[in-house]
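These numbers come from the heavy atoms of this one structure, side chains and all, not from hydrogens, waters or symmetry mates. Given the structure is predicted, the values throughout are model-derived calculations rather than measurements. Chain naming here is simple, since letters A, B, ... match the order of the sequence lines and numbering starts at 1 in each.
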Amino acid sequence: MDDKRFEELLGKAFEIEQYNEISKEPTADELSKAAPFTEKQLRQVQSICKRNRRLPWLKYSGRVASIVLCVCLAGFCGMMLNPKIRATVSENIVKLVDEYINIDFSESTKEENIDIAKTVIGYIPEGFELREDLSDDEKLSCIYVDGNENYLFIDVVQSGEVFISYERDEHNVTYMNINGYDGYLSYDEMTAQGSVCWGNSNFTVVISGFTSRDELIKIAVNIKTIK
Amino acid sequence: MLLFEAILSEETKTEKAIHIYKSYYSYMIYIAGRYLRDPSECEDAAQECMLKLLMIIDSIDTSDEARLKGLCGVVTRNTALNICKRKERGNVSLEEVFNVTDGNCEPESVVIANEGLKALVLAIERLSPVYRDVLKLKYLNQLKEREIAKLLDLPQKTVNQRIFRGKMILRKAIEEEGLNG
């Protein structure tokens, strides 16, 4: 007997077997007396249908979303194989990170104030001499000049606004931590002049003048408060 | 338009489901009662059965009452047995449970002209319900293997295997009767 004939016969045989089985079982009336279908059952089936109700496109939305995601990911990976694209993406990521995430691995910024009276300038480059001292109770302001009439200004003021608003040439700025405070060094190699500025919301220290970058930093780290 | 069609189709499905549950709820409880003692468990089995039927509601033909009853019977029986297994009532195998409860394999008084068909009906009645159920769902209810697997909580591979083995047993049985061909 070939498969097709056998399967046809199977279908018919199962129909007969089903009628035989039904004939052995209690009638619908007998059954409904034993376990009647009530309002409770109707609510049950309605709630089952409600729970299982899903719009056709929602059924597959999860799968479609995963496929789209995989395709996008594969496309992105493929694009990243190109060195130029890779470099551009990397550059943009660095830019974004620099713009929005400021990670400072140095000592955390202190929020305390500075005592002007106890603040001393510990180092002045060779050749510079004090020309003018405009210091008072609220500020420390000194002007130094060397033999070539190169000026060096050192100012310590009890205001954070100066630090925030102090003008800087963003192209030559190097942000750094100075004496435990946020600060920056701005230096122009062409004119050999620059400034170092640091502080917090309570005070600002600004050193500017015609001297080397290293000397500016050395002056900065040597401005200390005597305890 | 698509939304309207979807809503309409959902409403038809709900109507179909209500019709099935209304017509066969008592029968489901009766079948489940063969395996489960607690009436609330029988209700659970009927509900679970309805949930399974909802998964393949599009493939269910409600025009033939006998086939529909057979489908409800098979799914409820398997659901009730699964509940039994879940609650670990006795360490008997599925075949043993079937043999204990389904001992009524006597041929009925249906007059069958075709000798081959008669032998096949006899063989089906003697066949273990493990194979009979999957074959019934496939050949009586015209369901796909994937749908049968969903209804009986079985892997599709197992369903395929059972169909293959069941057919082999039946073929062998009618061959032994000398009715091959």
Side-chain angles (χ1 to χ4, degrees), chain A residues 1-70, chain B residues 2-3 5-7 9-10 13-14 17-18 20-23 25-31 33 39 42-43 46-47 50-51 54-55 57 66-67 69-70 73 104 107-110 112 114 116-121 123-125 132 135-136 138-142 167 170-171 174-175 179-181:
Chain A
M1 193 185 293
D2 64 273
D3 270 1
K4 204 180 167 189
R5 170 88 184 115
F6 179 68
E7 288 192 1
E8 263 176 36
L9 217 58
L10 257 181
K12 281 179 190 167
F14 270 108
E15 265 181 46
I16 295 165
E17 192 267 346
Q18 179 59 29
Y19 283 111
N20 287 346
E21 206 176 301
I22 289 170
S23 65
K24 285 179 222 160
E25 283 161 357
T27 60
D29 287 342
E30 285 169 338
L31 285 172
S32 60
K33 271 178 197 165
F37 184 88
T38 59
E39 277 293 312
K40 185 189 161 193
Q41 275 73 44
L42 185 67
R43 280 199 300 275
Q44 265 177 10
V45 71
Q46 279 169 341
S47 80
I48 289 171
C49 292
K50 212 174 177 181
R51 263 184 279 153
N52 281 272
R53 183 174 289 184
R54 274 190 194 171
L55 296 176
W57 57 85
L58 279 179
K59 265 187 201 173
Y60 303 104
S61 59
R63 283 182 203 175
V64 170
S66 337
I67 291 167
V68 168
L69 199 72
C70 287
Chain B
L2 197 66
L3 181 74
E5 274 175 22
I7 291 166
S9 138
E10 286 298 328
K13 279 180 193 173
T14 308
I18 291 172
I20 296 171
Y21 208 50
K22 207 170 185 175
S23 309
Y25 171 75
S26 311
Y27 181 62
M28 286 177 191
I29 296 286
Y30 164 74
I31 297 286
C42 294
E43 275 188 33
Q47 272 191 44
M50 199 56 232
L51 262 171
L54 261 176
M55 289 193 287
I57 197 94
R67 284 181 186 198
K69 195 172 182 179
N104 45 2
E108 282 299 306
S109 55
V110 174
I112 306 160
N114 187 324
L117 192 59
K118 195 175 174 182
L120 201 53
V121 174
I124 287 168
E125 285 173 339
R132 195 168 62 204
L135 288 174
K136 196 185 242 185
K138 184 167 170 63
Y139 292 103
L140 186 70
N141 299 100
Q142 309 288 322
K167 272 164 72 176
L170 292 176
R171 205 180 255 277
I174 57 167
E175 274 171 5
L179 294 160
N180 196 2

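Among the candidates A/Ala28, A/Gly11, A/Pro36, A/Pro26, the residue making the largest number of heavy-atom pairs closer than 4.5 Å to chain B is A/Pro26. Put simply, of B/Glu43, B/Met50, B/Met28, B/Lys22, the one with the most heavy-atom pairs under 4.5 Å next to chain A is B/Lys22. Contact count against chain A (heavy-atom pairs under 4.5 Å) is highest for B/Leu120 among B/Leu120, B/Ile29, B/Ile31.
Looking at B/Lys138, there are no atoms closer than 4.5 Å to chain A (heavy atoms on both sides), in backbone or side chain. Neither the backbone nor the side chain of B/Gln142 comes within less than 4.5 Å of any heavy atom of chain A.
The distance from atom CD1 of B/Ile124 to atom CD of A/Gln18, rounded to the nearest 0.5 Å, is 11.0 Å. With rounding to the nearest 0.5 angstrom, the CG atom of A/Leu42 is 10.0 Å from the OH atom of B/Tyr21.
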| said: Please determine whether side chain to side chain donor-acceptor pair (under 3.5 Å) holds for the pair A/Glu15 and B/Tyr139, giving the CA-CA distance in whole Å, both sets of side-chain angles, and the decisive distance to 0.1 Å. | reply: CA-CA 9 Å; A/Glu15 265 181 46; B/Tyr139 292 103; over 6 Å; no

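Taking the charged nitrogens against the carboxylate oxygens, A/Glu21 and B/Lys69 have no contact shorter than 4.0 Å, which rules out a salt bridge. For A/Glu7 and B/Lys167, the salt-bridge test passes: some basic side-chain N is under 4.0 Å from an acidic carboxylate O.
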